[in-house]
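Before I ask anything, here is the structure I am working with.
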Amino acid sequence: MLSISSATPGPKSKPMCLMLNLDDTFEQKNEIAKAVEEELEKAMSAYGYEIVQTLIVDIEPDEHVKRAMNEINAAARLRMAATEKAEAEKILQIKRAEGEAESKYLSGLGIARQRQAIVDETIQH
C-alpha cells in the first residue's frame, strides 16, 4: 500500500491518502504525480511559489514487499520450469512408445515374410 500525505501538515491541511497496491501505483504514476502537484501548488502558492511540474522518477517499495515480490517471481519461474520439464518428459515417452511400436511393426513384418518364404518354399517342393 502507498500512502501520500500532504507536504504541509497542519490543522487546516487534509492528508491526501492514496491506498493503492503496488501494481496500481506503477500504472497510475502520472495520476499520482498530478495529485502531488496539485497539493504542492495549493501549499506553496501562499509563499509565492508556482509548481510547474512534478515527476515521479522511481517508486521504491518496502524491503518486505520487494522480498515478497521476488519470492512470487521465483515461484512462478519454478512452476514454469516444472511445466516445461514435464512437457519434455511427455515428449520423450511418446517418442519412445512410437519407436517401440515401429520396432514391433517391423519385427512382425519380418516374421510374416519369413513365414511367407516358408510357405512359398513348401509349395515349390
Side-chain angles (χ1 to χ4, degrees):
M1 294 294 199
L2 171 71
S3 176
I4 300 176
S5 297
S6 175
T8 57
K12 292 185 179 180
S13 69
K14 292 185 207 172
M16 176 190 70
C17 292
L18 301 174
M19 300 307 278
L20 303 171
N21 67 34
L22 193 58
D23 292 335
D24 292 341
T25 302
F26 281 103
E27 289 173 8
Q28 297 178 17
K29 203 162 55 165
N30 293 335
E31 291 85 356
I32 295 168
K34 187 69 178 161
V36 170
E37 181 180 331
E38 290 169 2
E39 285 294 313
L40 284 173
E41 182 66 36
K42 287 178 201 172
M44 299 306 286
S45 64
Y47 300 103
Y49 290 99
E50 178 183 351
I51 306 299
V52 177
Q53 184 179 18
T54 57
L55 296 174
I56 296 179
V57 178
D58 192 16
I59 297 172
E60 187 71 29
D62 182 66
E63 195 59 40
H64 297 293
V65 174
K66 283 184 189 177
R67 254 186 263 121
M69 289 172 59
N70 287 337
E71 289 174 12
I72 290 168
N73 289 337
R77 285 191 298 273
L78 288 173
R79 273 194 308 275
M80 188 170 30
T83 300
E84 292 295 325
K85 183 178 178 183
E87 188 64 29
E89 289 174 3
K90 176 180 143 187
I91 290 169
L92 286 173
Q93 287 179 347
I94 290 170
K95 291 298 179 186
R96 270 192 225 109
E98 288 173 350
E100 193 174 314
E102 182 70 16
S103 174
K104 288 180 180 179
Y105 169 77
L106 293 174
S107 178
L109 193 59
I111 291 171
R113 286 182 180 159
Q114 284 177 340
R115 289 179 181 165
Q116 187 62 45
I118 292 171
V119 168
D120 291 345
E121 185 72 28
T122 306
I123 293 175
Q124 286 180 356
H125 286 102

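Since the model is a prediction, treat every value here as computed from it, not as a measurement. Nothing fancy with the numbering, it's 1 onward along the sequence.
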Worksheet item: Do any N or O atoms from the side chain of Thr83 and from the backbone of Arg79 form a donor-acceptor pair under 3.5 angstrom?
Response: yes

Worksheet item: Taking atom CD of Gln53 and atom NZ of Lys34, what is their separation to the nearest 0.5 Å?
Response: 9.5 Å

For residues 67-77, please give each side-chain donor-acceptor pair under 3.5 Å, one per line with the distance, not counting sequence neighbours.
from	atom 1	to	atom 2	distance (Å)
Arg67	NH1	His64	ND1	3.4
Asn70	ND2	Lys66	O	3.4
Asn73	ND2	Met69	O	3.4

Discussion item. Taking Ile51 as the starting point, is it possible to reach Tyr47 by hopping between hydrophobic residues whose side chains are less than 4.5 Å apart?
Written reply: yes

Worksheet item: In chain order, what residues pass the salt bridge (charged side-chain N to carboxylate O under 4.0 Å, His left out) check against Lys29, with sequence neighbours excluded?
Response: none

Expected list for residues 107-120: side-chain donor-acceptor pairs under 3.5 angstrom, two or more places apart:
from	atom 1	to	atom 2	distance (Å)
Gln116	NE2	Asp120	OD1	2.9

Worksheet item: Considering residues at least two apart in sequence or located in another chain, which fulfil the salt bridge (charged side-chain N to carboxylate O under 4.0 Å, His left out) criterion with Glu84?
Response: none

Worksheet item: If you look only at pairs with a residue in residues 92-102, which of them pass as a salt bridge (charged side-chain N to carboxylate O under 4.0 Å, His left out), with sequence neighbours excluded?
Response: Lys95-Glu98, Glu100-Lys104

Discussion item. If you compare all heavy atoms of Glu50 against all heavy atoms of Glu41, which two are closest, and at what distance to 0.1 Å?
Written reply: C-OE1, 3.7 Å

Item to complete: Under the side-chain contact (heavy atoms from CB on, under 4.5 Å) rule, collect the residues that match up with Ala33, sequence neighbours excluded.
Response: Thr54, Ile56

